[in-house]
Amino acid sequence: MIVETLESSCEGSKRKLGNGGDVAVPCSEDEFSNGDINAAPGDSSKRARVSREMTFQDIYGADTLLNEEDEEDDSNWEPVQTPVEFVKWCCVNCTMANPGDMVHCYICGEHKESGILRHGYFASPFCKDTGLTEVEEKCGGSSSATSSTAVGFDERMLLHSEFEVKAHPHPERPDRLRAIAASLATAGVFPGRCLPIHAREITKQELQMVHTSDHVDAVDITSQLLYSYFTSDTYANEYSARAARLAAGLCADLATEIFSGRVKNGFALVRPPGHHAGIRHAMGFCLHNNAAVAALVAQAAGARKVLIVDWDVHHGNGTQEIFEQNKSVLYISLHRHEGGNFYPGTGAADEVGTNGAEGYCVNVPWSCGGVGDKDYIYAFQHVVLPIASAFSPDFVIVSAGFDAARGDPLGCCDVTPAGYSRMTQMLGDLCGGKMLVILEGGYNLRSISSSATAVIKVLLGENPENDLPIANAPSRAGLQTVLDVLNIQMKFWPSLATAYSKLLSEWETRLIENKINQVKKKLVRVPTWWKWGRKKFLYNFLFARMNSRLRSRWLLKH
């Protein structure tokens, strides 16, 4: 593990870990004054070495950047004007930066004083937060005391945040949980209709079922530091290790409660996420692999076969690594891949498992962004459900990242809350509905809160048929991806062969129709000048004729 330590720590105050990583030893507050960390008392000629990227505040802030000549001869010195600050506020919904004179985010349209953290997606995105007047919700059903759906949540997970306040907030931020919790509370779903699960920190022994002891220790040691980084985008502060243990502990206990039959299903409202965390590494905002912990705990409780469906827009490379040689856990992931050019680059269709477990890893790698409900549901119908039914799991876990949702700044796809509801409903028919949904990614607060609420309503037994998308033809890219996956996976799941033949015929028919349409377009092609400039051409033609007539009249008179 490489831990990038507190950049403003004193020189000489670092000690080396056994694996070569630097760990910051906190300095006294006096040593942090004005950035002159390395300067001896009273010696103004010695300047601090700045190890981080210079900001406008650093450049214009002051005397620490003046050289010796500037101090000795400042006769030509002129006051430095403060630079104009163009960025004034970051959108609470999507984190995008906006100029100060704008009231609505130019990316997602959210009001700069939106009430989304108080009321979730029920708050108006267009108006300043003035309270919520009315929410029309179907709140019938069981109370929390008799509910068959459990929700795991603990406010201590909100303490996991990036220590250094930056101009652009980190996308994996505490507000993600706040927005979902606010939506559930406003809708009367949780607390109210769902059973709360008491949070506990998972033990080191339980984590070592999934991760190496070195990895577990590497996460735990961050509690002794103000902040640290496992990768450039995977941070930890002094509270992160506990948050990660609480998240894993909630997932483990929910798995036990569901498989034992004390509750029917559950939703783990947890962070940090987990599906990128592998056997010995943390990455992609993830510290411990929550889904893997839940799967192994369920097996310890008696589940012979566990299905993990990962619909996060990023491939769960950590989960795949953990189970790629395990025939008792079937891992199916639907994600953007783009030939390996989309993070984390893994998850090609031909990654099927190893060492006798071939076919127990199924990847549906989308070749482009913009993938929506039709493609996901089509893949569920022709890949996910047929393979899952043949596998016949005792327990289902969903790695539910909502970054494929419409409006997400990282995923750039188009899945709606209705689409997530439909996928949840389709999985609910497996193994008697014993299903645990675990939050992974998702970085547009309005999208993740509406999507998570829709999923939990399905877990509660609601069936909003009018909102669920029906089976429609997928996009051309989506159909091609499904065909590629079937062509590979039918070697391990023979029942897919019939579906592959049928879809291949559909694909060939679509190609023929496209060729016919292209020929038709060529036959009826109009001149470019008419297509692009017919109004301008007509104007110039009439204007020229009018000028010609006027000119003729003038010549006749003169």
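Computed from a predicted structure; not experimentally measured.
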More than 12 non-hydrogen atoms from neighbouring residues, nucleotides or ligands closer than 6.0 Å to OH on Tyr239, yes or no?
-> no

Residue pairs passing the side-chain hydrogen bond (donor to acceptor under 3.5 Å, both in side chains) test with at least one member in residues 286-297, sequence neighbours excluded, are Asn289-Thr319

So does Glu155 have more than 12 non-hydrogen atoms from other groups sitting under 6.0 Å from CD?
-> no

Aromatic plane relationship, Tyr235 with His160 - under 30° parallel, 30 to 60° tilted, over 60° perpendicular = parallel

Start with the C-alpha distance between Tyr343 and Leu410, add both sets of side-chain angles, then the distance that settles side-chain contact (heavy atoms from CB on, under 4.5 Å), and finish with yes or no.
-> CA-CA 10 Å; Tyr343 185 90; Leu410 299 188; over 6 Å; no

Check whether more than 12 heavy atoms from other residues, nucleotides or ligands sit under 6.0 Å from atom NZ of Lys327, and answer yes or no.
-> no

Contacts of Asp310 meeting side chain to side chain donor-acceptor pair (under 3.5 Å) (sequence neighbours excluded), chain-then-number -> His275, Tyr331

Hey, are Gln320 and Ser333 close enough side-chain-wise for a donor-acceptor pair under 3.5 Å?
-> no

For Asp220, the salt bridge (charged side-chain N to carboxylate O under 4.0 Å, His left out) test, sequence neighbours excluded, returns Arg245

Spatial distance of atom CD (Gln325) from atom CG (Asn355) [nearest 0.5 Å] = 4.0 Å

What about the rings of Phe342 and Trp366, do their centers lie closer together than 6.0 Å?
-> no

Below 4.0 angstrom, N of the basic side chain to O of the carboxylate: do Arg422 and Asp373 qualify?
-> no

Tell me, do Thr234 and His281 make a side-chain contact under 4.5 Å, heavy atoms counted?
-> no

Counterpart residues, side-chain contact (heavy atoms from CB on, under 4.5 Å), relative to Ala454 (two or more places apart) = Pro417, Ser421

For Ala247 and Val270, which heavy atoms make the closest approach, and how far apart are they?
-> CB-CB, 3.7 Å

List the steps and the verdict of side-chain contact (heavy atoms from CB on, under 4.5 Å) for Met157 and Leu250.
-> CA-CA 11 Å; Met157 290 182 290; Leu250 278 167; 3.9 Å; yes

Give a yes or no on whether the backbone of Met96 and the side-chain of Asn98 come within a donor-acceptor separation of less than 3.5 Å.
-> yes

Ring pair (Phe, Tyr, Trp, His ring centres under 6.0 Å) against His104, all qualifying residues, sequence neighbours excluded = His111

Please determine, by modelled atom types, if Asn237 and Ser240 share a side-chain donor-acceptor pair under 3.5 angstrom.
-> yes

Mark yes when over 12 heavy atoms from residues, nucleotides or ligands other than Lys128 sit less than 6.0 Å from its NZ; otherwise mark no.
-> no

Hey, does the side chain of Glu440 reach the backbone of Gly274 with a donor-acceptor pair shorter than 3.5 angstrom?
-> yes

Pairs touching residues 188-207 that satisfy ring-ring contact (aromatic ring centres under 6.0 Å, His included), sequence neighbours left out = none

Arg304 side, atom CZ; Gln299 side, atom CD - distance, nearest 0.5 Å = 10.5 Å

What do the steps show when you test Leu117 against Asp129 for side-chain contact (heavy atoms from CB on, under 4.5 Å), and what is the final call?
-> CA-CA 10 Å; Leu117 295 183; Asp129 181 25; over 6 Å; no

Side chains of Ile279 and Glu321: does their closest heavy-atom pair fall under 4.5 Å?
-> yes

Plane angle bin for His315 and His335 - parallel if under 30°, tilted between 30 and 60°, otherwise perpendicular = tilted

Got a second to check how far Ser328's OG is from Phe323's CZ, nearest 0.5 Å?
-> 8.0 Å

Going by the angle between their ring planes, with limits at 30° and 60°, are His170 and Phe285 parallel, tilted or perpendicular?
-> perpendicular

